[in-house]
Amino acid sequence: MARYNPKEVEPKWRSAWDAHGVFRTRSPEEAAGKPKYYVLEMFPYPSGNIHMGHARNYVMGDVVARFKRARGFNVLHPMGWDAFGMPAENAAMERGVHPKAWTYQNIDNMRAQLKLLGLSIDWSREFATCDPDYYGRQQAWFIELFRQGLVFRKESVVNWDPVDNTVLANEQVIDGRGWRSGALVEKRKLTQWFLRITDYADELIEGLKGLARWPEKVRLMQENWIGKSRGARVSFPFAGHAPAGFDKGLEVYTTRPDTLYGASFVGIAADHPLADQLSRQNPELAAFVEECRKGGATEAEIETAEKKGVFTGLYVQHPFDPNWKLPVWIANFILMGYGTGAIFACPAHDQRDLDFARKYDLPVRPVVLPEGTDPAEFELGDEAYTGPGKLYNSQFLDGLDVEAGKAAAIDRIESLGLGEGATVYRLHDWGVSRQRYWGCPIPIIHCKACGPVPVPAEQLPVELPDDVTFDLPGNPLLRHPTWRHVKCPSCGGEAERETDTLDTFVDSSWYFARFANPKAADPIDKAAADYWLAVDQYIGGVEHAVLHLLYARFITRALTDAGAMSVREPFAGLFTQGMVTHETYKKPEGGWVDPTQVVLETVDGKRSARHAETGESLVIGDIEKMSKSKKNVVAPEEILDAYGVDAGRLFVLSDSPPERDVQWTSGGVEGAWRFVNRVWAEFDALGEAAIPAADEDAAQALRRATHKAIKAVTEGFEGFRFNSAIARLYEFVNTVKSSPVEQTGSAARREALSALARLVAPIVPHLAEEAWARMGESGMAVDAPWPEFDPELAADQELVLPVQINGKRRAEVRVRPGTPEAEVEQIALSDEAVKRHLEGQTVRKVIVVKDRIVNIVAG
RNA sequence: GCGGACGUGGCGAAAUGGUAGACGCAGCGGACUUAAAAUCCGCUUCGCGUAAGCGAGUGUCGGUUCGAGUCCGACCGUCCGCACCA
């Protein structure tokens, strides 16, 4: 009996899988009749190394892929690299390596690391988004969308990251800081390329309803992000002379047109064009606008920020009453980026408006009366009333409830020609221009005569030049001596290439479709995409809940509408997995300590830590996501080296539900390693032939345990409850081990082990192969069909039913499954312990839940 | 402020409204060993009790139910997302 040696076993089986090409994806024809299943994990950025978080993500996907394979699905499980982006340029600037060399080197390194994990990936489909083969196709569809008007150019105020020297999308600004650099974002005016995601805003919200296998949380986050609101645009005509460009009045957006008769003033954002215009003549206004700009909508200072404003001196007319004049204020709480950047204020029914009105002593006029309130007694303190009620003080709206009032007000506004009902989104069009080198060149040529002209198809891909320098800040493409100087494809005149590159989120918004046929001449092979898409199970971190997952849904729709494929939702099932965390350790005087340097002890239930070398006692810190800065990182290689891949794969799945964070502990991985050995020991002890067991009852019990385990584990994998499935496997192994069926060659035992080898295969595939071979099976475990259970054997033959008296468990009775209620009642009532507890009481009622429980109500 | 999730032993966690704590970690006891490691066996929610057993127990308070960790309401706490969104 030899101890299981993963260092020999694991590479052997990986080679065998390779040699037999078992993970090569089968075409629909080859797979004849098998249903397809597309499993995909969010592809990694090639940062240089696979860390434990990657490992957990890819192992989860691999368990699904292997399980579905065994269950008879034709599986697609590919891998690629999200390879464009800033870190490559940072490396170039810091270390002088070329971004391309750095990236491909990292890919080679990480591919090798991933392969060590024994993943069932079809590596023949691999690509990186920085391959000209890939980004050239991206340029092709970009041009197609440009022709369709989904790509456009406009000057706008953009988020400028002063550290990365580039523009960021709204989605990439977090608390006013760049998502990658962490630098405070500045506002700049630039002409940029945009994708018209707002055209799909409604559809993107509607589509969420059909995504039954997405986490509710992610659907909500997307819905909130798109932020649809219904209301009205209303123009307030200027009283007297209208400022230049505002002949039609000042257009505001409101969701409460029913409260128009409660209007008190009209407010505009500090960066509203009108504020701009007025502050040029009025230093007081200019000073206020400047103050707002500085305070910025950046930080959490918003929370404490006081409502502030300044009167412009202008008045507008109320839309329903030309004689009613409302003052126009510039206010710091109005955002240019939402609606029209202008509002009408109804202080009685909006908290911000009320705060403002109280501060500047503006009128507060209630127009919504809560149910059952006397109009004479209804007064407002410091809290606006935003609830339901009947409109009053409102002329033609009097007596209507809020919803009817909105409709009536919109009707009137429309008939007066002053506006219309409108839907407004928080979502803005997606700015995709980045002033960076290491990205997909935007395939446009700017010609003074012809304007922006797409690069002709035969000139694609527009490749990045290799000879660039990173010694100066800014975009190296701008400094390249020749690259951008070209002839206009339209008129042949002197022209310039666009030097901006695409946001890397564009690269990742269609890669899943390219995997259907990564060698296709077209960006997307329609037949292949229609066969494989949607992705049946997508797995990744929740940090992409809005960014990547929203962009991918949008691009999929856009490309489908352009005829490239047929699917509208790219990801039918989404699973967001938790992170891998680790306890942190620090020196009393500060400074983090690597876990490998820490010795842990438990004395009288108290845990303590000390430094392995210096003996210095350490502080046990919080459990946090593994990160280099906290030094609480355990590299996958260390684990593979010590315990083998399988133990590592087992542990990352065993200790927590997959959607939750899992805490890495050395004890936990040792437990997984013990399990691997316990499983192997059973196979190692196996005899050759199948002979009848000596003990028929024990054999039957083992068979029952086997079929129960198959049922439970199968259900666990189906339901993404890997930790529960693993617990059932531990239980099963304990049962097999302690079963008195000691004849290692008995039929019942062989059946148990045959099932065990296949049940553990998705999680510990190398061990499963070794076990399968030990059993003398022909072929590999990876190709073996999933075990089926016999429902009769999986069911209990005898049940232990608890008997409760007044809800307290007092006894238990043994019955066969399916015993009729009346019979169970009799058995329960005649039980000695039950009788004892019922002494001196009358039985009022007996509830028997078949095969579950007996509850006797007595008193 | 708005929206959402969660709260169970020393720890990670299980429990279609039906025996709370499966499984694992840590701990304790034992076997094997000259010894240790490894391995194997047993115990391990808390309190009282030698034990059989009794009592308490899933953040707090209340409700629905024969029966609530699970459903409903209020509160407390933790985490996540959005945040002056008109």
Side-chain angles (χ1 to χ4, degrees), chain A residues 3 174-175 215-225 227-229 231 252-256 259 267 269 297 300 302-303 305-307 331-335 337-346 349-353 355-356 424-426 542-543 545-546 583 600 602-607 623 651 654-657 659-672 674-675 677-678 681 712 721 723-734 737-738 800-812 833 844-858:
Chain A
R3 195 172 165 81
I174 293 145
D175 288 337
E216 180 69 22
K217 176 192 168 82
V218 175
R219 284 184 286 165
L220 267 164
M221 281 168 69
Q222 292 211 355
E223 195 177 331
N224 293 339
W225 187 267
K228 180 177 181 170
S229 91
V252 308
Y253 174 73
T254 179
T255 56
R256 293 298 301 273
T259 64
I302 291 163
E303 212 164 315
E306 204 186 335
K307 304 274 174 290
N332 66 345
F333 68 92
I334 300 164
L335 305 172
Y338 188 77
T340 62
I343 61 153
F344 88 83
C346 174
H349 305 294
D350 181 285
Q351 192 58 48
R352 292 155 304 170
D353 297 351
D355 294 345
F356 195 86
V424 158
Y425 301 92
R426 208 187 77 109
V542 73
E543 67 273 17
V546 176
E583 207 165 46
L600 290 167
T602 306
V603 179
D604 294 334
K606 275 198 172 175
R607 297 181 66 234
I623 295 155
F651 176 66
S654 68
D655 244 30
S656 285
E659 68 278 12
R660 230 182 284 177
D661 292 351
V662 65
Q663 188 192 342
W664 187 274
T665 60
S666 54
V669 73
E670 276 163 29
R674 270 197 285 275
F675 178 75
N677 280 290
R678 280 158 73 90
R721 293 183 299 272
N723 57 324
S724 296
I726 290 166
R728 296 282 85 77
L729 286 167
Y730 272 87
E731 218 172 16
F732 181 45
V733 170
N734 289 342
K737 200 171 174 58
S738 58
V800 178
L801 298 194
V803 181
Q804 297 183 334
I805 294 170
N806 294 330
K808 280 191 195 300
R809 184 182 158 281
R810 294 300 185 189
E812 51 192 34
R844 301 244 159 92
K845 194 174 175 186
V846 180
I847 293 126
V848 179
V849 181
K850 200 171 196 174
D851 295 348
R852 277 289 180 188
I853 199 167
V854 181
N855 193 11
I856 299 168
V857 186

Per A/Leu335 side chain, nearest of listed nucleotides B/C84, B/A15, B/G4: B/C84

A/Arg426 side chain near B/A83 phosphate (N/O to OP1/OP2, under 4.0 Å): yes

N or O in side chain of A/Arg352 less than 4.0 angstrom from B/C85 OP1/OP2: yes

Same-atom distance (C1') from B/G27 to B/C79, integer angstrom: 30 Å

Side-chain N,O (A/Tyr730) to OP1/OP2 (B/G24) below 4.0 Å: no

Distance below 4.0 Å between A/Arg810 side-chain N/O and B/C54 OP1 or OP2: yes

Any N/O donor-acceptor pair, A/Arg728 side-chain to B/A22 base, under 3.5 Å: yes

Nucleotide nearest A/Arg674 when distance is taken to its side chain, options B/C25, B/A86, B/C82: B/C25

Nearest to side-chain heavy atoms of A/Arg678, which nucleotide of B/C66, B/C40, B/U39: B/C40

Short side-chain donor-acceptor distance under 3.5 Å, A/Tyr253 and A/Ser229: yes

Nearest to side-chain heavy atoms of A/Ile334, which nucleotide of B/C40, B/C66, B/A86: B/A86

Donor-acceptor contact present, side-chain A/Asp353 to main-chain A/Cys346, <3.5 Å: yes

Pairwise C1' distance for B/U70 and B/U58, with rounding to whole Å: 10 Å

Presence of A/Lys808 side-chain N/O under 4.0 Å of B/A56 phosphate oxygens OP1/OP2: yes

Short side-chain N/O contact to B/C25 OP1/OP2 from A/Thr665, under 4.0 Å: no

A/Arg852 side-chain N/O to B/U16 phosphate OP1/OP2 under 4.0 Å: no

Interatomic distance where CH2 belongs to A/Trp664 and P belongs to B/G12 [whole Å]: 18 Å

A/Asn723 side chain near B/A22 phosphate (N/O to OP1/OP2, under 4.0 Å): no

Phosphate OP1/OP2 of B/A14 contacted by A/Arg721 side-chain N/O (<4.0 Å): no

